[in-house]
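The block underneath contains the structure these notes are about, expressed in structure tokens.
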Amino acid sequence: MQTPNENYELVIIGGGPIGIACALEAEKKGISYVIIEKGCLVNSLYHYPTNMTFFSTSEKLELDNIPFISNNPKPGKREALEYYRRITVANKINIHLFEKVTGVEAGKKFGHVVKTTKSIYHTSKVIVATGFYDIPNYLGIPGEDLPKVSHYYNDPHYYATQKTIVVGASNSAVDAALEIYRKGGDVTMIIRKPEIGERVKYWVRPDIVNRIEEGSIKAYFNASLKEIKSKEVVIETDKGDVTIENDFALLLTGYRPNFGFLQSIGIDLSDDGRKIPEYDPETMETNIPGIYLAGVICGGTETHKWFIENSRVHAKLIIDDIGK
Ligand SMILES: Cc1cc2nc3c(=O)[nH]c(=O)nc-3n(C[C@H](O)[C@H](O)[C@H](O)COP(=O)(O)OP(=O)(O)OC[C@H]3O[C@@H](n4cnc5c(N)ncnc54)[C@H](O)[C@@H]3O)c2cc1C
């Protein structure tokens, strides 16, 4: 069967909140567009932990001033999925789900070609809004590929009564450790630094600090995971290696954007280790004319820099530039 060819003025890669924000702006300006999303709608959010609460209040997650009504000031995952789904359906956003962009061939000035698992698109503008949640920061240690190991956390019930290690000390790791402990898991945290991460939500921090101090959750500080075996793990501490019994390992050490994808398009990355993609902060256009970046991807390895709250403005900057 022949691969279909489609033409749009704009192709948006990634159907996360920021990709949707770009589509809403494009609609207003009458720019023909399509969003291509490799998973379900707001795929990253869909894979966040079941009981997560956003650190932002709901109005800070709003797109295009469309009211986000939540039961509490800070919404949960279900409410966010409902909100972004309603916006997409009510505004008839043109989005192709479960279709992965496999490559972008950048034309010299105009005429980019976007290749996907289902089609080929010809377009003059491309927005890359692919986020950072697909690729974990792997530890690269023996046993990391065992079936009891996960780099994503979903629900605490699974770990009830089980000896579970949580590696990391940021929000994701702390939330997982507390939830699993409260659902009857036997939790040990392994933390590289001498204390819990400084960016942990201010209302959660005292909870985890107190649980560790009272011994309800065990923690090794200044420590790193050295090896994962089927029934135990080896932890490197400043007093030497320690081996403890273990059933499950949650390695919640963060995620990174797909730098290989950006480089394959020809987008330059900073060479200072942060791999920040090159873009004009006033228009979000990259070093390739007609190719823009939006959302959390703009931070390179500094994935905490951009989030929904402060990157939703990218949509207007880009569409204003495209519509000039
Ligand atoms: C647990 C957690 C809690 C958070 N809480 C908050 C908060 O309270 N407030 C806040 O502002 N931010 C929060 N964030 C951050 C926020 O969720 C992200 O910044 C936000 O998702 C960024 O939106 P985005 O559209 O840039 O990227 P994403 O939401 O990651 O969307 C990118 C999309 O691109 C798709 N994609 C990737 N590659 C391809 C490809 N090759 N082809 C097609 N599609 C592709 C992905 O499937 C994904 O759906 C939180 C993050 C986490 C992990």
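Read the numbers this way: they start at 1 and go in the same order the structure lists the ligands and their atoms.
With a heavy-atom cut-off of 4.0 Å, I36 touches ligand 1 through its backbone alone. Counting heavy atoms under 4.0 Å from ligand 1, residue P17 touches it through both backbone and side chain. Under 4.0 Å from ligand 1, the heavy atoms of M52 that appear belong solely to its side chain. The proximity of N171 to ligand 1, defined as any non-hydrogen pair under 4.0 Å, does not occur for either the backbone or the side chain. Within the 4.0 Å heavy-atom criterion, both parts of F54, backbone and side chain, lie near ligand 1. Of the heavy atoms in L61, only side-chain atoms (C-beta onward) come closer than 4.0 Å to ligand 1.
At a threshold of 4.5 Å between non-hydrogen side-chain atoms, the residues S119 and E99 count as touching. Contact annotation: the side chain of F132 never approaches that of W306 to less than 4.5 Å [non-hydrogen atoms, C-beta and beyond]. Side-chain contact between V113 and H122 is present, with heavy atoms from C-beta onward closer than 4.5 Å.
Those atoms of ligand 1 that come under 4.0 Å of a heavy atom in D134, given as number and element, are 37 (C), 38 (N). Ligand 1 places these atoms under 4.0 Å from at least one heavy atom of Y133: 53 (C). Below 4.0 Å from some heavy atom of G295 lie the following atoms of ligand 1, by number and element: 26 (O). Taking every non-hydrogen atom of G16 and a distance limit under 4.0 Å, the qualifying atoms of ligand 1 come out as 25 (O), 29 (O), 31 (O), 33 (C). Counting atoms of ligand 1 from 1 in the listed order, those under 4.0 Å from a heavy atom of A129 are 32 (C), 33 (C), 34 (O). Proximity to S56 (heavy-atom distance under 4.0 Å) selects the following atoms of ligand 1: 7 (C), 8 (O), 9 (N), 10 (C), 11 (O). In the vicinity of E309, heavy-atom distances shorter than 4.0 Å reach the ligand 1 atoms 11 (O).
Residue, atom and distance of the protein heavy atom nearest to atom 33 (C) of ligand 1 are E37 OE1, 3.5 Å. Considering only non-hydrogen protein atoms, atom 51 (C) of ligand 1 sits nearest to Y48 OH, 3.2 Å. In terms of protein heavy-atom proximity, atom 26 (O) of ligand 1 is nearest to V296 N, 3.1 Å. Looking from atom 34 (O) of ligand 1 to the surrounding protein, the closest heavy atom is G14 CA, 3.3 Å. The shortest contact between atom 28 (P) of ligand 1 and any protein heavy atom is with S44 OG, 3.5 Å. Closest to atom 19 (O) of ligand 1, if we only count protein heavy atoms, is F307 CA, 3.2 Å. Counting protein heavy atoms only, atom 38 (N) of ligand 1 is closest to T130 CG2, 3.5 Å. Ranking the protein heavy atoms by distance from atom 40 (C) of ligand 1 puts V101 N, 3.9 Å first.
Rounding to the nearest 0.5 angstrom, the gap separating the OH atom in Y292 from the CG atom in D280 is 9.5 Å. Within the model, atoms OG1 of T188 and CD1 of I217 stand 9.5 Å from one another, a figure rounded to the nearest 0.5 Å. Between the CD1 atom in I135 and the NE2 atom in H151 there is a gap of 12.5 Å [rounded to 0.5 Å]. With rounding to the nearest 0.5 angstrom, the NZ atom of K163 is 11.0 Å from the NZ atom of K148. Taking CD1 of I228 as the start and CD1 of I235 as the end, the distance is 10.5 Å to the nearest 0.5 Å. A distance of 10.0 Å separates NZ in K74 from CG in L61, rounded to the nearest 0.5 Å.
Judged as a side chain to side chain contact (heavy atoms under 4.5 Å, CB included), and not counting sequence neighbours, the contacts of Y158 are F248.
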For a quick test of your reading: what N or O donor-acceptor pairs under 3.5 Å do the side chains of residues 86-95 make, sequence neighbours left out?
from, atom 1, to, atom 2, distance (Å)
T88, OG1, Y84, O, 2.7
N91, ND2, I87, O, 2.9
N94, ND2, Y33, O, 3.0

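Ligand 1 has an N or O atom lying under 3.5 Å from an N or O atom of N43, backbone or side chain. Taking any N or O of K38, backbone or side chain, at least one lies under 3.5 Å from an N or O belonging to ligand 1. Here's the thing with G39: none of its N/O atoms is less than 3.5 angstrom from an N/O atom of ligand 1. Residue I308 places at least one N or O, backbone or side chain, under 3.5 Å from an N or O of ligand 1. Residue-to-ligand polar distances keep E99 apart from ligand 1: every N/O pair is separated by 3.5 Å or more.
In this structure, of F55, F132, Y46, the residue bringing a heavy atom nearest to atom 8 (O) of ligand 1 is F55.
Under the 30°/60° scheme for interplanar angles, the aromatic rings of Y121 and H96 are found to be tilted. Taking the six-membered ring where the residue is Trp, Y133 and Y48 present perpendicular rings, their angle passing 60° and hence far from 30°.
Each of T117, L97, V101, I12 was checked for a side-chain contact (heavy atoms from CB on, under 4.5 Å) with I36, and the lone residue meeting it is V101.
With ring centers used as reference points, F307 lies 6.0 Å or more from F54.
A cation-pi arrangement is absent between K125 and Y8 under the rule of less than 6.0 angstrom and at most 45 degrees off the ring axis.
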